[in-house]
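Excluded from the calculations below are hydrogen atoms, water molecules and symmetry mates; all remaining heavy atoms, backbone and side chain alike, are included. Note that the structure is a prediction, hence the values are computed from the model and not measured. Every number for a ligand or one of its atoms is a count from 1 in the order of the listing. Along the sequence shown, the residues carry numbers beginning at 1.
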Amino acid sequence: MIDEARRLAPRFAARAAEHDRDGSFPAADFADLRDAGFFGLMTPKRLGGAGASFADYAAVAYELARGNGATALIFNMHASVTGALAGVSDELAEALGLADEALRARDDHLRAAATGSWYAVAMSERGAGSRLSKITTSYEHMDGGYRIKGAKTFCSGAGHADAYLVAARSADDPDQVSQFLVPAGDGLRVEPTWDALGMRATGSHDLQIDVTVPPGALLGGVEGLALVIAQLAPHWMVASYAAVYVGVARAAVDAAVEHVNQRKLGHLPAIRARIGRADAAVAAAHLAVMEAARRVDEQPGEAETTRWVWRAKLLAGTTAAEVAASMLEAAGTSAMRRGHPLERLYRDARAGSLQPATSDVCADWLGVDALGGDPDSEGSAPRW
Ligand SMILES: Cc1cc2nc3c(=O)[nH]c(=O)nc-3n(C[C@H](O)[C@H](O)[C@H](O)COP(=O)(O)OP(=O)(O)OC[C@H]3O[C@@H](n4cnc5c(N)ncnc54)[C@H](O)[C@@H]3O)c2cc1C
């Protein structure tokens, strides 16, 4: 799948400028991903998927993002849903007290992904961001299922996914935040609000929700699991975008090298040094992301693994923004024109630090930890 991602990346790159300009969904990229079997990347082999590990995912995301960061970011949402579902092992299911029906529903969602369905994430809300403890979308029990009502924002790929992971709060017991997989269709209305500085092709529009879903849509079959899963699998919530933004940073270096060679500017020491520094910074951030991913697979849940997860997100977001800015400066004003790859990459890279956990939040988490505190409970605001 990593080779396949490398094969697809230049096709994505060729289409990226148009989707960035129009803020349009990269439909042809997604057709390519579906045809190549990427929607089943995280689905276990026993259910017809590729059975990828988190490190496999990180390697794939990095390659896809070298083609188009926006495509890779939308795909990240699908990988997060399927990866987190696949991560609910039978042992964890037993520890959480999940019923057999919930495990069957998990398998059905994963099998559907392997046969070409893809899922978006509708978690964030205006005012709450992605902090699960603050969301206001609510659900209540109905005969034969749940009624979910609320408004989401920043939903990448809105209007194109087959189903949406929706986080909502129980109207009966507001302490319970649960997650549902809601099929596209009646009850979900996209408001085309996304006209952003960067990652424009993610089409991260608002989503109005007023829908009734059957009991099987409640992920895990138990209410109140959303925060538990966020804490058990911080890599999907914190570090999965990291590989995307390192891929964007590498694409910025590649675009600068191409520009500098075409313009015959490579003899200038200041330009050479900028490219050299950028190359080293991207390689270092990439190593940190892959180290975090390796630890997630080999030593899940260990304190040092969690530290690497937060380090990876911080380094990836900060490096992407700094490298893309420096590469634009190395290339000069002609690279600032609309349509030049560096102009787009500069804007796309800017989103990395802003996407939760923001670089400031990652730094705070790591600082509290380094000073001997408990970084999950001692933030200046709830982490989730
Ligand atoms: C390109 C892109 C695609 C996205 N796609 C999706 C998607 O598909 N689905 C989805 O649900 N969401 C998505 N998001 C949204 C994202 O996950 C966040 O919810 C969103 O960026 C939060 O924005 P906010 O403006 O509410 O900022 P906040 O995260 O609230 O941050 C605002 C400021 O407060 C600071 N801050 C926040 N929390 C803390 C804290 N605990 N302690 C200290 N300081 C804090 C931040 O550093 C920042 O300076 C996407 C975002 C981007 C940029």
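- Residue contacts with ligand 1 for Arg131 involve side-chain atoms from C-beta outward but no N, CA, C or O (heavy atoms, distance under 4.0 Å).
- Below 30°, between 30° and 60°, or above 60°: for Trp236 and Phe54 the angle between ring planes is above 60°, a perpendicular geometry.
- Relative orientation of the Phe39 and Phe30 rings is tilted, given thresholds of 30° and 60° on the angle between their planes.
- For a threshold of 3.5 Å applied to N or O pairs, the pair formed by Thr153 and ligand 1 contains no separation below that value.
- Residue-to-ligand polar distances place Val121 within reach of ligand 1: an N/O pair is separated by less than 3.5 Å.
- Interface atoms of ligand 1 facing Met123, defined by a heavy-atom separation under 4.0 Å, are 11 (O).
- At a 3.5 angstrom cut-off on N or O pairs, Asp360 does not count as close to ligand 1.
- Using the six-membered ring where Trp is involved, His141 and Tyr146 have ring planes that are tilted, between 30° and 60° apart.
- With ligand atoms numbered from 1 in the order given, ligand 1 contributes 46 (C), 47 (O) to contacts under 4.0 Å with heavy atoms of Thr358.
- One hydrophobic cluster, built from ILVMFWY side chains closer than 4.5 Å, holds both Met1 and Leu73.
- Under a 4.0 Å heavy-atom criterion, Pro356 is in contact with ligand 1.
- When only interatomic distances are considered, the shortest N/O to N/O separation between Ser130 and ligand 1 falls below 3.5 Å.
- Residue-ligand proximity, Met199 to ligand 1, at heavy-atom distances under 4.0 Å covers atoms 1 (C).
- Proximity of a side-chain donor or acceptor of Thr115 to a complementary backbone N or O of Ala112 within less than 3.5 Å is detected.
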Self-check item: From CA spacing to verdict: side chain to side chain contact (heavy atoms under 4.5 Å, CB included), Met77, Tyr119
Solution: CA-CA 7 Å; Met77 303 304 164; Tyr119 309 135; over 6 Å; no
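- Between the side chain of Thr358 and the backbone N or O of Leu354 there is no donor-acceptor pair closer than 3.5 Å.
- For Asp364, no heavy-atom contact with ligand 1 is shorter than 4.0 Å.
- Proximity to Ser156 (heavy-atom distance under 4.0 Å) selects the following atoms of ligand 1: 3 (C), 4 (C), 5 (N), 6 (C), 7 (C), 8 (O).
- Using a 4.5 Å cut-off on side-chain heavy atoms (C-beta onward), Leu207 and Tyr164 make contact.
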